[in-house]
Enquirer: 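Here you go, one structure.
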Amino acid sequence: MQVHLNELARLRIEGQPRGVTSVCSAHPIVLRAALRHGRQQKSTVLIEATCNQVNHLGGYTGMTPSDFASLVIRIAAEEGCPEKLIVLGGDHLGPNPWRDRPAEEAMAEAETMVAAYVEAGFRKVHLDASMGCKGEPTALDDETTAHRAARLAAVAEASARNSGGVMPVYVIGTEVPPPGGADHALTTIEPTAAAAALKTMEIHRRIFAEAGLGQAFGRAIGLVVQPGVEFGNHNVIFYDSSKIAALQSVLTEEPQFVFEAHSTDYQGSGPLSALVKDGFPILKVGPELTFVLREALYALDAIASDLLADYGQRPLYEAMEALMLAQPDNWRRHYHGTEAEMRWLRHYSLSDRIRYYWASAEAQEAVQRLCEALRGQSVPLPLFWQHMPAAQHFADVPLDPDEVLIWRVTKSLADYHAACGVGKNGQSGSR
């Protein structure tokens, strides 16, 4: 069932909570899986890009907002997913990519970026101006953050009016875990204090009104808070609804809003369902989807090594290892330990920093070689039992590797879909 973002608060108040999965990935296979699943389920497909990943200068993907939107729409057409089901969102839109510059320079870039997002058709906008720029504290106070968010909202409003279509909906608040997960083993994460959440809402409401942006704030649907979930390189902190009673009271005082939950990766259907039920209907997931994609690729790499005499011994794994060693900037500051520990972290860390490398020519060539080697092969059941038992239904028939990859990503997306319809509660994750 399709759920519109501006219905989430009403549905919660009416005692019929529903959720929306926010897919935060630029990988074409992840996007294809999400769009195919959305078409099959006739459900909202919310796909978000972050300010570092996609911006007017290209971001680390090399894509502008227009490029990203075109990629999504092209894959949607190939999958027969109606555009009416698709919502594009911009995550952490603010000066973060340019925080090494003076504030005015960074904000000028952020304004240009926000305009590019909205003009490209993005209509869910997370305003995040919380990080300090050159010479400023690392984290800014609510007043400064809200003033900068209002500046960006003004740009978004003007861009939407000029480009046509519906006006944007906004998410405010910035109390989120480190992007991509923490760098160390975790023991506990404290939820956001209710007073802090209320203060953020009140200050933003006042400053938006003073800037003549009351109508824009009226379309603010969500507040980013920390529900007490997180994943690090090694482990996951699962949701505990007993810790958020005070935070839930905020939604009683502010019925316009719901909470947006970041870093819900690896929670599993039980905790995800509890999050939706408790007022966190926007569930953001990213690294989990590329983690399970890598899981499937490596399983197929091992199967091909065992099945085909001329394929070699795990050449995809070796290609990715060589690539990450040659270009360590995306993992070096995040992985720590002995050489052996860092080797397994490069490939299997839950933060999945290997995802930054799949778009490289070397990685694409290795994946293409794997898929071509296995395409049409009949893989014996014991090899699936050895390397990917859950995929045993692909055994003993001509193999389409792409379908295996999409199936594995969809398996995780199905947990989110079930939770967004509020499935069975639970307190532990499952894969």
Side-chain angles (χ1 to χ4, degrees), residues 3 8-9 11-13 15-24 46 48 91 126 171 173-197 200 221-252 254 257-289 291-292 349-352 411-431:
V3 176
L8 295 173
L11 289 169
R12 181 192 63 80
I13 291 168
Q16 300 177 355
R18 294 292 183 271
V20 174
T21 306
S22 171
V23 174
C24 302
L46 172 57
E48 302 209 45
D91 200 24
H126 175 207
V171 172
T174 56
E175 189 169 339
V176 298
D183 294 343
H184 53 280
L186 302 167
T187 56
T188 186
I189 296 288
E190 288 302 314
T192 300
T200 296
I221 61 166
L223 176 70
V224 176
V225 294
Q226 171 54 268
V229 304
E230 176 57 298
F231 60 94
N233 288 327
H234 303 79
N235 69 327
V236 179
I237 302 297
F238 293 106
Y239 179 61
D240 183 351
S241 60
S242 69
K243 293 184 176 181
I244 58 97
L247 190 54
Q248 276 185 296
S249 69
V250 171
L251 298 181
T252 302
E254 292 281 358
F257 286 87
V258 295
F259 293 135
E260 178 168 286
H262 290 224
S263 291
T264 67
D265 308 69
Y266 312 109
Q267 289 289 312
S269 58
L272 293 172
S273 295
L275 280 162
V276 173
K277 177 177 175 291
D278 290 346
F280 298 86
I282 304 174
L283 302 174
K284 301 185 85 71
V285 57
E288 176 184 344
L289 301 179
F291 180 96
V292 300
S349 164
L350 295 178
S351 66
D352 192 55
K411 195 167 180 287
S412 284
L413 288 172
D415 279 347
Y416 278 84
H417 181 74
C420 287
V422 187
K424 184 179 179 181
N425 277 355
Q427 290 301 318
S428 62
S430 64
R431 297 189 60 238

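Position 1 is the first residue of the sequence; numbering continues from there.
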Enquirer: Would you confirm whether Tyr266, through its side chain, and Leu350, through its main-chain N or O, come within 3.5 Å as a donor-acceptor pair?
Expert: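 Checking the backbone N and O of Leu350 against the side chain of Tyr266, a donor-acceptor pair under 3.5 Å is found.
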Enquirer: Quick check: do Asp91 and His262 have side-chain heavy atoms less than 4.5 Å from each other?
Expert: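 SC-SC contact between Asp91 and His262 confirmed.
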Enquirer: Give the intermediate values and the outcome of side-chain contact (heavy atoms from CB on, under 4.5 Å) for residues Val292 and Lys411.
Expert: CA-CA 9 Å; Val292 300; Lys411 195 167 180 287; over 6 Å; no
Enquirer: Return the minimal non-hydrogen interatomic distance between Arg18 and Leu8, and the atom names on each side.
Expert: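 Minimum heavy-atom contact is O-CD2, 3.4 Å.
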Enquirer: Mind listing the closest non-hydrogen atom pair of Thr200 and Gly173 along with its distance?
Expert: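 Looks like CG2-CA, 4.3 Å.
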Enquirer: Tell me, please, which residues at least two apart from Ala196 pass side-chain contact (heavy atoms from CB on, under 4.5 Å).
Expert: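 If we apply the side-chain contact (heavy atoms from CB on, under 4.5 Å) test to Ala196, skipping adjacent residues, the hits are Thr192, Ala193.
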Enquirer: Parallel, tilted or perpendicular for Phe280 and Phe259, by the 30°/60° rule?
Expert: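 Plane angle between 30° and 60°, so tilted.
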Enquirer: Checking Arg12 side chain against Pro281 main chain: does a donor-acceptor pair fall under 3.5 Å?
Expert: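 Pair absent, no side-chain N/O of Arg12 close to backbone of Pro281.
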Enquirer: Might you point out which heavy atoms bring Ser269 and Asp415 nearest each other, and give the distance in Å?
Expert: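 Shortest heavy-atom separation between Ser269 and Asp415 comes out as CB-OD1, 3.9 Å.
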Enquirer: What pair of heavy atoms forms the shortest contact from Asp265 to Glu288, and how long is it?
Expert: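 For Asp265 and Glu288, the tightest heavy-atom pair comes out as OD2-N, 2.8 Å.
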Enquirer: Would you name the heavy atoms of Val20 and Cys420 that are closest together and state the gap between them?
Expert: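 Minimum heavy-atom separation between Val20 and Cys420: N-SG, 3.4 Å.
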Enquirer: Examine distances only and state if a side-chain atom of Asn233 and a backbone atom of Ser349 form a donor-acceptor pair shorter than 3.5 Å.
Expert: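 Here the side-chain-to-backbone pair does not exist.
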Enquirer: Quick check: closest heavy atoms across Ser273 and Ala418, and the distance to 0.1 Å?
Expert: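 Shortest heavy-atom separation between Ser273 and Ala418 comes out as OG-O, 4.5 Å.
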Enquirer: How far does CZ of Phe238 sit from CG of Leu275, to the nearest 0.5 angstrom?
Expert: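 Here the interatomic distance stands at 12.0 Å.
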Enquirer: Could I get the full list of side-chain contact (heavy atoms from CB on, under 4.5 Å) partners for Ile221, not counting sequence neighbours?
Expert: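 Ile221 satisfies side-chain contact (heavy atoms from CB on, under 4.5 Å) with Leu5, Val169, Val171, Ile282 only.
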Enquirer: With a 4.5 Å limit on heavy-atom distance, are the side chains of Val23 and Leu413 in contact?
Expert: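 The answer is yes; the side chains approach within 4.5 Å.
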Enquirer: Has the side chain of Gln267 got a donor or acceptor atom that lies under 3.5 Å from a matching backbone atom of Tyr239?
Expert: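 The answer is yes, because a donor-acceptor pair under 3.5 Å joins these two groups.
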Enquirer: Kindly indicate whether the side chain of Thr21, heavy atoms from C-beta on, has any atom under 4.5 Å from the side chain of His417.
Expert: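 Of all side-chain heavy-atom pairs linking His417 with Thr21, none is under 4.5 Å.
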Enquirer: Can you find a pair of side-chain heavy atoms, one from Leu247 and one from Pro227, that are under 4.5 Å apart?
Expert: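 No, too far: nothing below the 4.5 Å cut-off.
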Enquirer: Sequence neighbours left out, what passes side-chain hydrogen bond (donor to acceptor under 3.5 Å, both in side chains) with Ser242? Give chain and number order.
Expert: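 Ser242 satisfies side-chain hydrogen bond (donor to acceptor under 3.5 Å, both in side chains) with Asp240 once adjacent residues are dropped.
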Enquirer: Is Phe291 close to Ser412 at the side-chain level, that is, under 4.5 Å between some pair of heavy atoms?
Expert: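 Result no, sub-4.5 Å side-chain heavy-atom pair not found.
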Enquirer: Please list, chain by chain and in numerical order, all residues satisfying side-chain hydrogen bond (donor to acceptor under 3.5 Å, both in side chains) with Ser22, sequence neighbours excluded.
Expert: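 If we apply the side-chain hydrogen bond (donor to acceptor under 3.5 Å, both in side chains) test to Ser22, skipping adjacent residues, the hits are Glu48, Lys284.
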Enquirer: The criterion is ring pair (Phe, Tyr, Trp, His ring centres under 6.0 Å); which residues satisfy it with Tyr416, sequence neighbours excluded?
Expert: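 None.
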Enquirer: If I take atom CD1 from residue Ile244 and atom CD from residue Glu190, how far apart are they, to the nearest 0.5 angstrom?
Expert: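 One gets 13.0 Å once the value is rounded to the nearest 0.5 Å.
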